[in-house]
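All values derive from a computational prediction rather than experimental measurement. Chain identifiers are assigned alphabetically (A, B, ...) following the order of the sequence lines, protein sequences preceding nucleic acid strands; residue numbering begins at 1 within each chain.
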Amino acid sequence: MRASSINLVVNMTRIIEVEKLFFKYPRMWQWVLENVTFSVQTGECLGILGENGSGKTTLLYHLNGIIPNVIEGNGEGIVKVLGKVVRDQAVFEVSEKVGTMLQDPEAQMLGSTVYTQCASHISNLGSAREEIERKVDQSLVTVGLFKYQRKNPKMLSYGEMQKLSLATSLSISPQLLLLDEPFSNIDAKSGEEIISLLEELKQQKGMAIIIATQESKYIRKIADKILVLKDGKISHFGKPRAVFKQLLKEKSRLEIPRISILIDRLDLEEKIVDSKFPITVEEGYNLISAKVKKDEFRTKIYKESENESPILSLKNVAYSYPDGTAALRDISFDIYPSELLGIVGNNGAGKTTLVYLLLKLLAPYKGSIVYNTTELQNYPNDRLYDEVGLVLQHPEHQLLGKSVEEEVEEVLRNRSYSEEEIIDRIEESLDVVNLKGKRTVFSEKLSYGEKKKLSIATVIATSPKIIMLDEPSTGIDYRSRVEIAKALNKLKQSGCAVVVITHDMEYVSEYADNIVVLRDGAVSKKGLPVEVFEDTKVLEEARLKVPELAQLGNLLNIHFSSYTLQEVAETLRGKMK
Amino acid sequence: MIEYEFKDTFVHHVSTSAKLVFLFLTLSLAFLVQDSLKEIILLPVWIFITLFFWFLAKIDVKKLGKLGIFLAILFLIVIMMEGFLYRYGHLTPLFKVGNLYLLGKNVGEFTLEGFIRGVGVCLRILCVVISIPLFVMTTSPEELAFSLAFFGVPKRLVVVFLVGISFIPTVQRTYNEIINAYKLKGIYREKANVIQKLKKVYFSLPIPLFLSLLAKGITTQISLETRAFGSPRKITPVFPSEKSKVKSFVFYFLFLSFYLLLLFYNFFGELFFPKSF
């Protein structure tokens, strides 16, 4: 009797129970999920890490009943949510207690205003009007979108749409929250805010949270446990420190906190036990601060700017949307050949609008843009697009639905290269992005990261003078990010100017030569990464975060000449007592 | 683009059913008034009333610029055609560009009766066309969907309608992105001729557009399901603007009064005014 009542208490607190779950989609011979077993308790956060195509989203679909109710397939095993077998319930029954935030926020925006969109879930549950009003207001305030409640949700930035999607789920006060890549489109500050909010929900309301992501920098702070999926199987499951330590040891393709990698590279004499393995900057600092000789005065080692003429030059450029809202104000900066320029800014800062101006897809209402010593407005479009390439945020918009090889070929044929040249360029560009092995695969069958790499290949095949990439690191796994960065470095060395538009500060800290910070449509800072990252106030105002290694430098009072892992590790090794 | 825009105006607070009735009466008026002279008297009054509601609804005329240009071209064509081709009853020539007889009528002659007829047709078109932005730009898809459900349209169909409406800007945005990508890939060449553009751009464009929208459509379906769309519980309607019974009544009163007056004139006008031709 006593034993059964203890069991009951245990079951009451268990929100998710997954046991020996196997699943494959129709007409597939390989399991997408294989022998997956885990459980999640009330007030617990589980981070699911995995590369593109590892089965993260499929696992989430099992928890909210989308599989097998909406998406069919073959499988076995037990999935219980809140004590009930998911398979035995309709999706609407599960969704009364489970909130889901999907990866693509745009496709979820069906409401005519932010307010009605946020109310779309709770109103389906038939809640009273007063309750709906209270909860919707509360959710919008929580994610910082209350001021936009009358705005058309389709007019929001991607990051804001993602926050709205979260608010919609929060409005039902769920017991379980499922988040699929919730940080992929949002700026660092918003990411931090969401993490604090989730932490609060977890601790105060006992909400269980599952986050499927590739971005370990956020989940390491909130996850109680991390589950790593590899080809549908659980490769690691445990506390974040232990999992990251193991991933580092195995040289995993997944993103590992840079501070952890740095400490590992420092080859400290003492052995670090699992419980002390650092995964945050503060922990890394505590571990090495006593061992490193600090500078009395921070010696600033800024690179001299090269006396070269810019390939693209902006002077006092301004742009307004058709409704008169100012999108960009007084923008001035130069882009040089062989330079990787990072343009960073929060959601809605005007980054993408700026790129569209640089490509003549929009026209500034004030100021001038000079490309190759000619006013951009007077430069022939066809010639401009032969010389400047853009990799869009959504790679699928850039692909034609042909095979990998044909996608690149099509671009080259439109530019009248000889047969021989076409063959060589296909070979070369696919080699750079590491897609040679998939040349006959149709583009829609590729993973998101591979699609992004293919769209880069289609651009670099034409040897552009400038290549612009809109959020190149969004939605792709760490290894793909590194491969893309390597490809861009090769391009840079050949004289091509690379412009990366992103909110991923870690990315620019490692790869950018110069950085332009945009805030509310204006340039708030420009300079070398070291100059920009020391100005924490500017970054704070722009809702950006100082990258980890720069934070460490600030804490240690050590000035690094760049923020590549190699550079920082070498500098620190030289300062070891 | 004609799409719903949240504004805190009198018309936005009017009930959807009142606006639907207004739309129906506009259509009926455009069909009921058959006499050419009456068209020119009655329809402008109705157009004026509609424009008055436009003013109250703070409709941004700038957004309808393309529609205006299209209508202007269409009206010019209609008036020219009617002016030259109209051939019933007594005809008063206004000017002549030549002599060409077709079924006993000199189609080189522009007549007053044809001109009036053309203006009448244009007024009918204008009457119907300007009532559409008044309805669409002040009625949210949620309100319309709720009204459809109220009139017994099945829930699934209502949702299909809602999704369809919400997809219009998505299609537009995706289309623009793909065209931009085509320009940058050298597929869309400004100097290319129409045949080349058709072949290279417009025939191949549906593939990425379709693939992209298909993926979005699947996500939308999943999103709907995870938001308890299938729940048998009675949905609590949530609209961007609260509906006001008083405002709806005033709206009803205003347009119904005018409608009845105009209808009365249409059928019994001859008792008080001279007969038209």
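Counting heavy atoms from C-beta outward, A/Lys360 and B/Lys183 have side chains that stay 4.5 Å or more apart. Taking the side chain as every heavy atom from C-beta outward, B/Thr220 and A/Leu110 approach each other to under 4.5 Å. Counting only heavy atoms from C-beta outward, the side chains of B/Ile222 and A/Ile71 approach each other to under 4.5 Å. The shortest distance between side-chain heavy atoms of B/Phe229 and A/Ser95 does not fall below 4.5 Å.
Of all the heavy atoms in A/Asn124 and B/Ala228, the pair that sits closest is CB-O, 3.4 Å. The two residues B/Pro232 and A/Phe92 have their closest heavy-atom pair at CD-CE1, 3.1 Å. Smallest separation of non-hydrogen atoms from A/Ser123 and B/Val238: CB-CG2, 3.9 Å. Considering all non-hydrogen atoms of both residues, B/Ser231 and A/Glu96 come closest at OG-OE2, 4.4 Å. Minimum heavy-atom separation, A/Ile66 to B/Glu225: CD1-CB, 3.8 Å.
Taking A/Lys402, A/Glu444, A/Glu106, A/Met101 one by one and counting their heavy-atom pairs under 4.5 Å with chain B, the maximum is reached by A/Glu106. If you tally non-hydrogen atom pairs under 4.5 Å between each of A/Gly126, A/Ser112, A/Ser120, A/Ala90 and chain B, the highest count goes to A/Ser112. In terms of heavy-atom pairs under 4.5 angstrom with chain B, the leader among A/Leu102, A/Val391, A/Val136 is A/Leu102. Heavy-atom pairs under 4.5 Å with chain A were tallied for B/Val163, B/Ile165, B/Asn180; the largest tally goes to B/Asn180. With respect to chain B, the highest number of heavy-atom pairs below 4.5 Å among A/Val388, A/Val459, A/Ile132 belongs to A/Ile132. The residue among A/Thr458, A/Asp386, A/Asn152 with the most heavy atom pairs within less than 4.5 Å of chain B is A/Asp386. For chain B, the option among A/Thr116, A/Leu399, A/Val411, A/Val114 with the highest count of heavy-atom pairs below 4.5 Å is A/Thr116.
Heavy atoms closer than 4.5 Å to chain A are found in the side chain of B/Leu211, but not in its backbone. Proximity to chain A (any heavy atom under 4.5 Å) is shown, for B/Phe210, by neither the backbone nor the side chain. Looking at A/Leu178, there are no atoms closer than 4.5 Å to chain B (heavy atoms on both sides), in backbone or side chain. Proximity to chain B (any heavy atom under 4.5 Å) is restricted, for A/Val70, to the side chain, taken from C-beta onward. Interface remark: A/Gln108 contributes backbone and side-chain atoms alike to the contact with chain B (heavy atom separation under 4.5 Å). Neither the backbone nor the side chain of A/Ser443 comes within contact range of chain B, judged by heavy atoms closer than 4.5 Å. With a 4.5 Å cut-off on non-hydrogen atoms, B/Glu143 does not touch chain A at all. Contacts between A/Leu125 and chain B at a heavy-atom distance below 4.5 Å involve backbone atoms as well as side-chain atoms. Interface remark: A/Asn64 contributes side-chain atoms only to the contact with chain B (heavy atom separation under 4.5 Å). For a residue to count as touching a neighbouring chain, one of its non-hydrogen atoms must lie under 4.5 Å from one of that chain's; by this rule A/Gln149 does not touch chain B.
Between the OG atom in A/Ser127 and the CZ atom in B/Arg233 there is a gap of 7.5 Å [rounded to 0.5 Å]. The CE atom of A/Met155 lies 9.0 Å from the CD atom of B/Glu5; values are rounded to the nearest 0.5 Å. Taking CD from B/Glu177 and CG from A/Asp470, the interatomic distance works out to 8.5 Å, rounded to the nearest 0.5 Å. Distance check: B/Thr226 OG1 to A/Tyr61 OH gives 8.5 Å after rounding to the nearest 0.5 Å.
With respect to A/Lys154 and B/Glu3, no salt bridge is recorded, no charged nitrogen being found less than 4.0 Å from a carboxylate O.
Atom NZ of B/Lys58 has 12 or fewer heavy atoms from other residues, nucleotides or ligands within 6.0 Å. By the 6.0 Å contact criterion, CZ on B/Phe258 is open, its count of non-hydrogen atoms from other residues, nucleotides or ligands being 12 or less.
Formation of a donor-acceptor pair under 3.5 Å by the B/Thr236 side chain with backbone atoms of A/Ala128 is not found in this model. Judged by distance alone, with hydrogens and angles left aside, the side-chain atoms of A/Arg129 form a donor-acceptor pair with the main-chain N or O of B/Pro237 at under 3.5 Å.
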